[in-house]
Structure formats: structure tokens, C-alpha cells
**Student:** 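Before we start, here is the structure in question, set down as C-alpha cells.
Just so it is clear: chains get the letters A, B, ... in the order the sequence lines come, proteins before strands, and each one is counted from 1. Quick caveat, the model's predicted, so the values are computed rather than measured.
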2 protein chains.
Amino acid sequence: MHAAVLRYFDHVARQGSIRKAAEALSVASSAVNRQILRLEDEIGVPLFERSRAGVRPTAAGELLLRHVRETQIEFQRAQAEIASLGGTVSGTVRIISLESMLARFLPEIVAEMTARHPRVNFTVLTVHPSEIAEALRSGDSDFGVLFVDNRLSGVDVVAEFRTAIGALMRPNHPLAGAKVLTLTECARHPVIMLNDRWLLSAIMTTEFAESGARLSPRIVSNSIEFMRQVIVRGLGIGFVTPIGFIDEIRRGELVHVPLAEPGLSDSRIGILVPRHRRLSPPARLMINHIRQRLTEFGSFLAAPTREPAKRSKRNRRA
Amino acid sequence: MHAAVLRYFDHVARQGSIRKAAEALSVASSAVNRQILRLEDEIGVPLFERSRAGVRPTAAGELLLRHVRETQIEFQRAQAEIASLGGTVSGTVRIISLESMLARFLPEIVAEMTARHPRVNFTVLTVHPSEIAEALRSGDSDFGVLFVDNRLSGVDVVAEFRTAIGALMRPNHPLAGAKVLTLTECARHPVIMLNDRWLLSAIMTTEFAESGARLSPRIVSNSIEFMRQVIVRGLGIGFVTPIGFIDEIRRGELVHVPLAEPGLSDSRIGILVPRHRRLSPPARLMINHIRQRLTEFGSFLAAPTREPAKRSKRNRRA
DNA sequence: ACGGTACGCTGCCGTTTCGGCACCACCCCG
DNA sequence: CGGGGTGGTGCCGAAACGGCAGCGTACCGT
């Protein structure tokens, strides 16, 4: 329905080059070039700054770009909305997520969704924390399953769940019997840390700094899967939320001990949606589904190694 | 920039007829027809119900229509935004207004705006109260200068001013000396009323009903100008806000006596903007301008016949 | 200094799309 | 049973679009 120039303009801005955009679009660069020139002529001002390296949007270009991208996103949403009129939900749900959610939790959710709504497609990505705000605002993703960060603006938290970042280790680890641990206690043993590029790490480093503990991690990685393997092999203690290790904890292969530090013992994971954007029907369904699933074992997330009914005393304890 | 089919689709829906739309668009009806058929083919579902009388959007059509219209409005806004990058504000401001504001107040505002920003165009309309919500929501207008109505949803009140609906009459009218009047007192004299189709009337009829007063108006009209003329000619008392009669009141040609009924003595006029819609630069300027102007003589609106210092004597006399 | 390369841009030309015209089929109304 | 209204359809010229080859330029590495 929409003019081709919208896609062209978007791609050129993304690629920073007319020729690259043309290649990505599978059209001749001349065609793309002419569309851009014609567009600039219509708007009346240059939309790109030309340089040897390529093109860069001007202020006017940025403004129009926002309109174009919003239009494309809204069109997709409208299409999904129309498709769901026929009863069958379809469309694409675009999610950005913590890698820990992505390891065990979300695959199950996605499987359940596809079972009920076969025509729904998914894009599930982990992103650099610095790109979270942009990914949500730009509409590249419908919503995020992320740590709740008060610094994020223009974002609504539609659901929120307490979880405890804790020490993850094998049952035969010397610290495995503890009900709660401090970072200082853990620091005497080999530890395994997430790469500091990631949000979890960002939270933890600040906490470490406050507690005065100094950790020299034996292993650093940004892969939850890698961490799983090295922790299972007894190479050290990992600091994670239990979510990505539900199976191992349930089977007794690993033990998750909450940390005493207040900022870590009650981290909050939430469903974050961009404010002022309507959600597509499949995205709405997906959010409801995630919310329901999360509340179902919310207690497990908060205190993974014990049962709900008995927690009142113990909480007073910790 | 945007495909022609957007305009076609919009017009067809508005006109309820492909041929009428084609005429309004100055293209052949066959061209419009084919674009619609092609669009329906692309979306995959019928967008219109065909009947002998013309076409009517289906549910899917309504959905897509909302997207299309929003796209067009946002495009205009983006254009205006780009244009204001160059320093000169341009674009069109679309306002819906009370007719009383339209009689004296808004023309002055518009004149001042065009003096400062010659490239800004205006559309100022009075609309049927039942269409206010639709006009704001659909984006047909940027904002409204209207009575604040709590029943309106999805609308923000960015500025609000108390005003008093009162009895307007010539200085030699028997009631002209009163400081405050009740509807019952006025009911003994000939009155002039706004046509009941209009919001002001809607407010007043409820108030009349509560106060138990029965008015059999000598003259009914929906034209502020007509009311002005017949009141000046001494044909009766009008029930209005003083806004549309500033000049006459200041010159002493007419006297405005507030009404005692609480719902009338402190009516609220506000600037109403649709929530969740960005305003174009000229619309923002216009709103700020109106707000400033209104606060400047806000006291005049609230108590027109009693200026704190100088005018108290004369008013008491008349 | 000099190719090599990547960039945006521009004639030229075939193909696709668009729009105008005339016309068909249909329905309602007088 | 016409007359006027509706949406839909061949046909055809015109305009737009896209592909190809090529131009000028600026940068980079040898």
C-alpha cells in the first residue's frame, strides 16, 4: 500500500549509503538515488548530508525518518489487527529480552504461543543495554522482558516480578548449604561473571562497589549457556537470576542461594512496553501469556529453593 | 511522498461513494475504483461493503482507515516540523471552537499570529457538540477551545479558565443594575437563547431544569452575531459568556450580570487537545498564545462587570 | 604519483503502472 | 420501462519506475 520510497528512505538511513541500501533492497542504486532526490525535492529541504563515506540524515531527515518508521510500524500493526478480525491471530511479535529469560523461559512461552496461534511469528533478541531505550522507542521491538530500570523514560511497565539475583553453584559446593550469602563470602571462591557489557553486570558492579567486595572472576562470559556449562562442571559460583536455570535447580543439579545485598536480593524483571504505542493483537496475547506464566511461579523466582507456604518465617530470618 | 491510494481510500470512505470521491479528487472513477480493488487485494480482505447506494467501510476498512488518516495527519505534522527548522513557522492550525470565542476573541488571536507568522494558515470551525469528540480524536482538528466537559475521554485540558455564564442586556434594562441574577428573576423578562443543538444550550437546559425555572424564549438562534444584534436592540436578555461581547461590554453598550446558579456562574472554558498526539509547531505556538491571552484578562472573564479598581462605580449605576 | 575503490549522480531505454474514456451489468425509483 | 445512480472492466496513451552503463570525485594504499 505504502509508496516504495518509504522503504528506500528507511534503508538508506539505516545503511548510511545509497548503494548499500539498494543492494539490501535488491534494486538498482540509481532507482534508490532518484527516489531520494525526488523526495528531497518534494519536501523542499535536503534529507541527507552527502559525504565521501556515504550519506547521513539531516535534522529534517531525522524528523521525516521518524514519521516514516512510525508509519511502517503502525501499518504492520493495522494489518495484524485486521488479520485477527478473522479469528486467527497472526503477525510478528518482536521482543527484546534478558539472555537469562531467553535460555529457558521464553522458548517455552513461544512454543505454547505457536501451538495456539500457528500463524504468529517471533523475533526474540538480546540487545546491548544502551540500545534498549532506542529499540523500544523506535518500534524495532514490541516490548522487552528486562530488568526494570528507573532511568528508562517513555516506557511503561505492564507487569513486574521480583526475583533474586543469587549465587548459583553445585550442591557439593562449600557454600551450597547457606540460606543466604554475601558477596564478601562468595569472593573467597572462584566466581563466574557475565561480561560487563550487559545490564545484569551493570547492576552487579554497582552493588559490588557499594559492598566493598572485590571479585576477580575466574571466568567471564556473556553467554548464559556457557555459564551453565562451567557452573555445572564445578568451576565456580555464578551470579544470576534463577530463571535461566529452572530445570537444573529443580532437578537438584544446581543450587541457587539468594544474596544478602538488598539491591540484588530483590531485583525486578518486568515487561516493558513503549508508551504511546498501540500493541498488535499477537503482542497483546504474548504479553498476557508471559504475565500469566510469570505469576504462576513467581514465588519460585523470588525464592527458588523453597516452597511458598513456609516462606513467611524464613523471610523474616533473611 | 505517500502513495495516492491513501488519499483515494480516505476520500472514498468519507464520500461513501467511489464516483463522488473520484470527482472530489479530480480523477476518473475507474482509477479510484482500481486502486481500491488493488488495495483490497493487497490487504487480503474486503475493505468496503458494496450496496446500490455506494460503499461503506467494513470492520477491516475502518481499521485501515484509522491507520491511513493517522498517517496523513502525522505526515502533515512532520512537514510542519521540518519547515519550522528553517526558523519560519508554517503549516495549518485546525481549531474547533465555541462560537462565542469565535466572535471576538479568536479573530484577534489569529490576527496576531498571522502578523508574527505569516506562513501559518488557519481552519477555525464550530462543530456540533456530538462531533467534538470525533473531531478531536480523528485529528480533523489540532485542538479545541470549548467548554470543559468531563464526559470527554482521551482528551487533555492543557489550559482552563473560569468564566461566568450570565445575563447580557442593555444598560437600561430593569435588571441591569443587579450584581447577580437567578434564572427565575430573568424568566419574567423576554429572553434570547441559543439553539438547543449547541453545547452551551445543553449546559443551560440542565441548569434550568434543576432550578425549576421555565423559560419561553422570545428568540432562539444559533448565531452569536444574531444574538448580539437583537440584544443590542433591546429585544431581551441573552444567556452567554461575556467572551463574545467584550467590546460591547467595555464600551458600556451591554451589561453582563453573572447568574447565581453555581453550574453557570463558574463554567470552565479550556483548551482541549487529543491525548497521544503530537502537536505541530504552529499548533503549539497557537495554544501558548491563546493561553497567554486568556490569562491576561482572565479576571475579566470571571467577573466582567466588576473590574477591581476603576469600573466598580459605573457598573453599580448602570 | 598513481591506480583502485567506493561514493553519489545522470542519460538512456524497456517495462510497469497509472489514469482517462467508453462501456457493461446492476439496482432503485418514478 | 426508461433515467439516473452505483461498482466494475477493456483498451490505450502517458507517466513513472527500475536496470544498465557511465561520469566525476574523494579517499586510501602502494
**Student:** Just how far, in rounded Å, is C1' of dG7(D) from CD of Glu40(B)?
**Tutor:**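 Value for this atom pair: 11 Å.
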**Student:** Taking atom types as they are modelled, would you say the side chain of Ser30(B) forms a donor-acceptor pair with the base of dC21(C) within the 3.5 Å cutoff?
**Tutor:**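 Result: at least one qualifying N/O pair found.
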**Student:** Taking the side chain as every heavy atom from C-beta outward, state whether Leu125(A) and Ile95(A) have any atom pair closer than 4.5 Å.
**Tutor:**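 No; the side chains remain at least 4.5 Å from each other.
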**Student:** Taking only heavy atoms on the protein side, list every residue of residues 14-26 of chain B lying under 4.0 Å from any atom of DNA chain D, sorted numerically.
**Tutor:**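 Hits under 4.0 Å, by residue number: Ser17(B), Ile18(B), Arg19(B), Lys20(B).
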**Student:** Taking only N and O in the side chain of Asn33(B), is any of them less than 4.0 Å away from OP1 or OP2 of dG7(D)?
**Tutor:**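 No, no such contact exists.
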**Student:** With a 4.0 Å cut-off on heavy atoms, is Val55(A) in touch with a base, just the backbone sugar-phosphate, or nothing at all?
**Tutor:**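 It contacts sugar-phosphate atoms only.
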**Student:** Taking only the side-chain nitrogens and oxygens of Gln35(A), find out if one of them lies under 4.0 Å from OP1 or OP2 of dA16(D).
**Tutor:**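 It does not, given that no N or O in the side chain of Gln35(A) lies less than 4.0 Å from OP1 or OP2 of dA16(D).
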**Student:** Taking Phe48(B)'s backbone N and O only, do any of them form a donor-acceptor pair with Arg50(B)'s side chain (distance below 3.5 Å, no angle check)?
**Tutor:**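 Flag set: sc Arg50(B) to bb Phe48(B) pair under 3.5 Å.
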**Student:** If I take atom CD in residue Glu49(A) and atom P in nucleotide dC9(C), what distance separates them, rounded to the nearest angstrom?
**Tutor:**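 Atom CD in Glu49(A) sits about 13 Å away from atom P in dC9(C).
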**Student:** In terms of side-chain geometry, is the basic nitrogen of Arg94(A) or Asp140(A) positioned less than 4.0 Å from the acidic oxygen of its partner?
**Tutor:**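 Result for this pair is no, no salt bridge flagged.
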**Student:** Could you tell me how far apart Ile36(B) (CD1) and dG19(C) (P) are, to the nearest whole angstrom?
**Tutor:**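 After rounding, the reported distance stands at 11 Å.
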**Student:** Heavy atoms under 4.0 Å, any strand shown: does Tyr8(B) hit a base, just sugar-phosphate, or nothing?
**Tutor:**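 It contacts sugar-phosphate atoms only.
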**Student:** Starting at the 5' end of DNA chain D, which residue's closest nucleotide do you reach first, Ala53(B) or Val27(A)?
**Tutor:**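 This one resolves to Ala53(B).
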**Student:** Considering only side-chain heavy atoms of Leu37(A), which listed nucleotide, dG8(D), dC17(D), dC9(C), is closest?
**Tutor:**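 When the side chain of Leu37(A) is considered, dC9(C) is the closest of dG8(D), dC17(D), dC9(C).
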**Student:** What I want to find out is whether Arg284(A) reaches Glu81(A) closely enough, with some N-O distance under 4.0 Å, to be called a salt bridge.
**Tutor:**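 Result for this pair is yes, salt bridge flagged.
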**Student:** Counting heavy atoms from C-beta on, name the nucleotide in dG8(C), dC27(D), dG19(C) closest to the side chain of Arg52(A).
**Tutor:**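 It is dC27(D).
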**Student:** Heavy atoms only: give me the nearest Phe9(B)-Ile36(B) pair and the separation to one decimal.
**Tutor:**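 That closest heavy-atom pairing would be CA-CD1, 3.9 Å.
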**Student:** Tell me which nucleotide among dC12(C), dA26(D), dC17(D) gets nearest to the side chain of Arg34(A).
**Tutor:**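 Taking heavy atoms from C-beta onward, the closest nucleotide is dC12(C).
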**Student:** Can the ring centroids of His2(B) and His67(A) be said to lie less than 6.0 angstrom from one another?
**Tutor:**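 Yes - the distance between ring centres of His2(B) and His67(A) falls below the 6.0 Å cut-off.
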**Student:** Once rounded to the nearest 0.5 Å, what's the spacing between atom CE of Met113(B) and atom CG of Asn121(B)?
**Tutor:**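 Reported value, rounded in 0.5 Å steps: 10.5 Å.
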